[in-house]
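All figures in this text were calculated on a predicted structure; none of them were measured in a lab. Numbers restart at 1 for each chain; the letters A, B, ... are given by sequence-line order, proteins then strands.
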Amino acid sequence: MPELPEVETTRRHLAEHLPGARVAAVALLDPRALLRPDPATFTRRLVGATILAVERRAKYLIMPLRRAEPPSLAAPSNRPDFVGAGLVPARGRQAAAPGPDSRPEGRNGRVHPADDYLIVHRRMTGNLFLRAPGAPPDDHTVAVLTLDDGRELRFCDLRRFAKLWLADAAEVAALDRALGPEPLARGFTAARLAAALRGRRGLLKPLLLNQNLVAGLGNIYVDEALFAARLHPTRTADTLTDTDVRRLHRAIRAVLAQGIRNEGTSFRDYRGAVGQPGRNQMMVEVFRRDGQPCPRCRTVILKTRVGGRGTHYCPRCQR
DNA sequence: CATTACCTGCAA
DNA sequence: TTGCAGGTAATG
């Protein structure tokens, strides 16, 4: 499934090509993909809406929308210039802050002001494709937003766990509060990681998969981060020294940043917004490399089950 | 805390 | 045929 680097790779592509586009039509091919509201309301609110931006929080893609102008001449808006005021700082923010961690997704609580938010979570096998007018169909398509220029934003999902829904600003804020820190944001320090782990006695691997502690890691990048930090997946959080936490902090950021640089990890189903696979599967050190030698010490990599998830590690390097 | 459910497809 | 797959919410 897409983890933080895969969602971010998709976000970057969509953010280049979607803002300003208007939704001309909505096709919900599998209603199970829609969490809320009901299909009729969902369609009514989306048709005519303008996509203002494409943002990310953890593994969630968030598209702020400006609703269609009501066709009536009467009833002037009760919040004039609300959206226009929100768009200006977005440009200023980019110009002022070129660093990789300065994008808005790292700022808890800061969301683009808008009427509605289209939220997508891809779970295990969901993909978002932006296709040219008349492009051949994609397998497992569950929903399509046709844009006013004929392009299609397609939501495809083999296993049909993925969800999309419309939210308001309060719900986006609640989601943001419920999630742990963005691991690539400047504010995510070793001290912050230590604070998240403090008082916890669980196994390292399930803790790192818990999105409430640190948001965005999944099975691939947890295994890779634990290898890079030389920590055993069943180490218990309360046994970590300060040095261990600092190594883990560095490792988390390094494996995620590498994943983004390589445009994601595609073992099977992940594809980017134009259908392209990532390259990071060539770079992984332990994930699905059981039976092969550890790149650091040549000991054979093992695969076990930890917290119900397949877990890959080097029994010699990781303690 | 661990297990189950949600789904479909593929490899063992 | 069984078990497993990059996630998460809902159960004991």
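As judged by a 4.0 angstrom heavy-atom cut-off over every strand, A:Lys163 is placed among residues making no nucleic acid contact. Counting non-hydrogen atoms under 4.0 angstrom, A:Gly308 reaches nothing in the nucleic acid. A:Tyr221 comes within 4.0 angstrom of no nucleic acid atom, judged by non-hydrogen atoms across all strands. Contact annotation for A:Arg200: no contact, since no heavy-atom pair falls under 4.0 Å across all strands. At a threshold of 4.0 angstrom between heavy atoms, the contacts of A:Gly307 with the nucleic acid are absent. Base contact: A:Asp269 has a heavy atom under 4.0 Å from a base atom.
Note on A:Arg309: every side-chain N or O is 4.0 Å or more away from OP1 and OP2 of C:dA5. Taking side-chain N and O atoms only, A:His121 has no distance below 4.0 Å to OP1 or OP2 of C:dG7. A close approach under 4.0 Å does occur between a side-chain nitrogen or oxygen of A:Lys59 and OP1 or OP2 of C:dT8. Distances shorter than 4.0 Å separate none of the side-chain N or O atoms of A:Lys205 from OP1 or OP2 on B:dA2.
Between the CE atom of A:Met124 and the P atom of B:dA5 there is a distance of 16 Å, rounded to whole Å. Taking atom CG on A:Asn219 and atom P on C:dA5, their separation rounds to 8 Å, with Å as the unit. As rounded to whole Å, 14 Å separates atom P of C:dG6 from atom CD of A:Gln211. When the P atom of C:dC4 is taken as reference, atom CZ of A:Phe287 falls 14 Å away, rounded to whole Å. What separates CG of A:Leu209 from C1' of B:dC1 is a distance of 15 Å, to the nearest Å. Between the CD1 atom of A:Ile119 and the C1' atom of C:dG7 there is a distance of 17 Å, rounded to whole Å. Between A:Tyr270 atom OH and C:dA5 atom C1' there is a gap of 18 Å when expressed in whole angstrom units. The separation between A:Gln281 atom CD and C:dA5 atom P is 18 Å, rounded to whole Å.
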Just the table, please: protein N/O against nucleotides 7-11 of chain B N/O, every pair under 3.5 Å.
unit_1	atom_1	unit_2	atom_2	d
B:dC7	O2	A:Arg159	NE	2.9
B:dC7	N3	A:Arg159	NH2	3.2
B:dC10	O4'	A:Arg268	NH2	3.0

Give each protein N/O atom lying under 3.5 Å from an N/O atom of nucleotides 9-12 of chain C, with the pair distance.
none

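Aromatic ring centroids of A:His121 and A:Phe161 lie 6.0 Å or more apart. Taking the six-membered ring where the residue is Trp, the centroids of A:Phe155 and A:Phe129 are separated by 6.0 Å or more.
Within the model, atoms NE2 of A:His312 and CD of A:Gln292 stand 10.5 Å from one another, a figure rounded to the nearest 0.5 Å. Remark: A:Asn219 CG to A:Leu208 CG distance equals 11.0 Å, nearest 0.5 Å.
Taking the P atom of each, B:dG9 and C:dT8 are spaced 22 Å apart, rounded to whole Å. The separation of B:dT3 from C:dG3, taken at their P atoms, amounts to 15 Å, rounded to a whole angstrom.
Under the 6.0 Å distance and 45° angle rule, A:Arg296 counts as a cation-pi partner of A:Phe227. Relative to the ring axis of A:Tyr60, A:Arg57 does not place its NZ or CZ within 45° and under 6.0 Å from the centre.
Counted by atom type alone, A:Asp138 and A:Thr141 present zero donor-acceptor pairs between their side chains at under 3.5 Å.
A distance-only check finds a donor-acceptor pair linking the side chain of A:Gln211 to the backbone of A:Leu209 [under 3.5 Å]. Looking at A:Thr125, its side chain does come within 3.5 Å of a backbone N or O of A:Arg159 through a donor-acceptor pair. At least one donor-acceptor pair under 3.5 Å links the side chain of A:Asn127 to the backbone N or O of A:Arg271.
Ion pairing between a basic and an acidic side chain is recognised when a charged N comes within 4.0 Å of a carboxylate O; A:Arg122 and A:Asp157 show no such pairing.
Base pairing of B:dC7: no nucleotide in any strand meets the Watson-Crick or G-U wobble criterion (both distances under 3.5 Å).
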